Amino acid sequence: MSSNKRKILITSALPYVNNIPHLGNIIGCVLSADVFAKYCTISGYETMFVSGTDEYGTTTVTRAKQEGITPKQLCDKYHAIHKDIYDWFNISFSHFGRTSCDEQTEIVQSIFKEIYDKGYIVEDTITQPFCIKCDMYLADRYIEGTCPHCGYEKAKGDQCESCGKLLDPAELKSPQCSSCGEKPVFKDTNHLFLDLEKLKGQIEDWVTKQSEFGQWSNNALMVTKGWIEQGLKKRCITRDLDWGVKVPLKGFENKVFYVWFDAPIGYISITANKFKDWKSWWKSPDDVELFQFMGKDNIPFHTVLFPASLLATGDNWTMLKTISSTEYLNYEEQKFSKSRGTGVFGDQAKNSGIDPDLYRYYLLRNRPEKNDTQFFWNDFMEKVNGEIIANYANLVNRVLQFSMKFFDGSINLVDTSDDSVFKFADFENKVNSIKSLYEKVELKKALLEILELCSYGNKFFQDNEPWKIIKEDKEKTNRIISSLFGFVRDISILLYPYIPGAITRYFNSINLSTDTILISNIGNYDMLKGLQINPPGVLFTKLEKELVEKLKEQFAGKKEIINPAEEFSTIALKTGKIISIERHPEADKLYVEKVDMGNGEIRQVVSGLVPYYKEDELLNKVVIIVYNLKPANLRGVLSEGMLLAADDKKAGIVEVLFPDCNEGHYITIHDSKPNTQIIGIEDFAKVPLTVKNNCAEFKNTPLQVAGKKINTVKITQGNIR
RNA sequence: GGCGAUGUAGCUCAGCUGGUUAGAGCACUCGGCUCAUAUCCGAGGGGUCAUUGGUUCAAAUCCGAUCAUCGCUACCA
């Protein structure tokens, strides 16, 4: 069975099962991988392209509970949604599987055993919440309580949804089991850890070698190095949960593997799920080249953690050769957001009435390779209409129409002489260049070079004026058109990975089998001789302004209304008197102050003023506190507000604002009213407070307290924070 | 604050290891063609290559500093 064919194994990051992918997700992994896979296929390489839904983990369990179904049922439902979307986008997986298959259990367990036998697994005890009533350990997500940072009452044990901070469940105040409400007890539980420290040398060697060999992008290499330097510690690979792959070790019967450990192995098991000879792909490092596609947030899993697991087995696995990691695609200068309804998601794209090839074209044309890029509806329309339709589709159409009109649609031998379009466009060199870009997974550039070829085709057509020559020299006209016909056929082959649907329609209209869409057929025109073509149909429908405007409106999401006049009122600034001050026990730069806010309210505030002020320079002074800020935990000490200081970066001076009044006054501009709602630090950071001419201002309006302006002594110009 | 990335025409971007008057597409202005339900071709205007030092015979390109934007991170409070 083994041939001399190159074997290319392609994976695209496994989407988490209950997130519906948006266009940014789609271009990031699945679509990019698909173009490369299609290229490999038409190049005659033996190609395996796998992906699937990542199904295990607490998120699925929680969601299933909410919907009142089992995790399995939930995954069935969402898996179908994913599959449907990718089918619509014409993604040709060898297999789009799921991590909840039997092979996953077998392979994850066997890999684990190998790692265990080699001594890279260590056991350790951690303390975890346990619900007596439910008789189970509570995964981080299953526990709710008050967030120690912001005071949000329904914070989840792993992360507070209000302030976004990552949490340890033990930090929560008044914790509760999220299913029964019982107060959990904290019990010691044994877990297994992958000893990355011990693997460090191997990982580093592998990264050094492989990054060069596989020509990793700078971005991927930087993230990887950062990760390795940041410290490879022991990482926990088990969880107390039952939706996952069981840990095959005595004493761990009730535990499953943690998703980061089992998900990448999903690539292997999904392959095994459909192909009996999966080992010829995944255990064949000398014969197989592995290309992996993902968004930038997934890099360390593929360059460090997954390789570490495989290295630890000591076995001969096929490992990552080339990583293709994209930056993010934003939507009309915002982030895609399901909850805010911003951006186009896979299911919506499908219902938008626009040809999937047009999405494919635009997403790849704008592929975020080096930078984040934007999805703009106007840009979408302009690029689609002006590039793929006006340039390529029009070239196809004029060539075919001309052949129909003047030669009854019969094609003669393709002219490749020095007068032909091939010489005119320096065709051979261009094609080689495009092929090499494909090989390097430079998908955006390859696409642009193909379009450049189309321009040469149009120019050749224009320059030769066959519509005039036909009147005198039919033979010459035939040569012109036949060369263009062959030229367009070749370009279409090159374009197939990007817009497979349209190219298939094109091949049908010229009566050529789609089996002939092969890179090796470029330059081979024997099969075109004597071809009888059909009248061409319309390859694409142009995007109309009205439709685009409608869709833009539909997917705009909730608009943030920024009213400059009320902007200042998002914050509340209040004066307070420092009644005690001491050094933070755990930090060099921080003071911990008790501040009397008036009316007997005392707040504890932490501020980073040690390098700038001595204790007695601040004690008993009246200062300004951001009064409606979410409390934050700074190196173990609660800070219930922020002490305002001006900051002159150029001079390196920090000056605390000392208002000329007593404690308990609000700071205003004009007659603004202080906000009573709690805001986050990021909201506060958006409010531009500055010092100009020794006076504290908001957008050129002086801040006032008790009828007076707030002045600085040392700093004339600067920011306030 | 630290690390990393980015900053080139109105817009989207090319410009690798430094080498002639800085490029493309879109948009704009003008001209031409008509095979093309899509148009196309040509010409033109428009840039102190973020700012600023330095290395060099030569810098958008290399090095340093600064500023701005974005991402991650922190003793941001």
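Just so it is clear, the structure is predicted and the values come from calculations on it, not from any experiment. By convention in this document, chain letters (A, B, ...) are assigned in the order of the sequence lines, proteins followed by strands, and residues within each chain are numbered from 1.
Spacing of P atoms, B/rC28 relative to B/rA60, comes out at 32 Å, to the nearest Å.
Residues of residues 584-595 of chain A that place a heavy atom closer than 4.0 Å to RNA chain B, in numerical order, are A/Ala587, A/Asp588, A/Lys589, A/Leu590. Contacts between residues 469-482 of chain A and RNA chain B, defined by a heavy-atom separation below 4.0 Å, involve no residue at all. For the segment residues 432-451 of chain A, residues with any heavy atom less than 4.0 angstrom from an atom of RNA chain B are, sorted by number, A/Lys445.
Using a 4.5 Å heavy-atom cutoff, the side chains of A/Phe422 and A/Asp415 are not in contact.
Every residue meeting the side chain to side chain donor-acceptor pair (under 3.5 Å) condition with A/Lys594, not counting sequence neighbours, appears here in chain and number order: A/Gln604. Remark: A/Lys296 pairs with A/Glu327, A/Asp372 by the side chain to side chain donor-acceptor pair (under 3.5 Å) rule, at least two apart or across chains. Partners of A/Thr326 by side chain to side chain donor-acceptor pair (under 3.5 Å), not counting sequence neighbours: none found.
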Side chains of residues 537-546 of chain A: which donor-acceptor pairs under 3.5 Å do they make with residues two or more places apart or in other chains?
none

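Residue pairs meeting the salt bridge (charged side-chain N to carboxylate O under 4.0 Å, His left out) criterion with at least one member in residues 387-412 of chain A, sequence neighbours excluded: A/Arg365-A/Glu387. Among residue pairs with one or both ends in residues 429-438 of chain A, those qualifying as side-chain hydrogen bond (donor to acceptor under 3.5 Å, both in side chains) are A/Asp426-A/Asn429, A/Ser433-A/Glu449; sequence neighbours excluded.
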Within the sub-3.5 Å range, which N or O atoms of nucleotides 44-47 of chain B have a protein N or O partner, and how far apart are they?
none

What nitrogen or oxygen pairs link the protein and nucleotides 27-33 of chain B at under 3.5 Å?
from	atom 1	to	atom 2	distance (Å)
B/rG32	N2	A/Gln462	NE2	3.2
B/rC33	O2'	A/Trp467	NE1	3.4

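The side-chain tip of A/Lys383 does not point at the ring of A/Tyr362 from less than 6.0 angstrom away and within 45° of straight on. Both tests hold for A/Arg603 against A/Tyr627: distance to the six-membered ring centre under 6.0 Å, angle to the ring axis within 45°.
Stretches of at least 3 consecutive Watson-Crick or G-U wobble pairs, with each checked distance under 3.5 Å, appear in RNA chain B as B:1-7 with B:67-73, B:10-13 with B:23-26, B:28-32 with B:40-44, B:50-54 with B:62-66.
The side chain of A/Lys383 places no N or O atom within less than 4.0 Å of a non-bridging phosphate oxygen (OP1 or OP2) of B/rG25.
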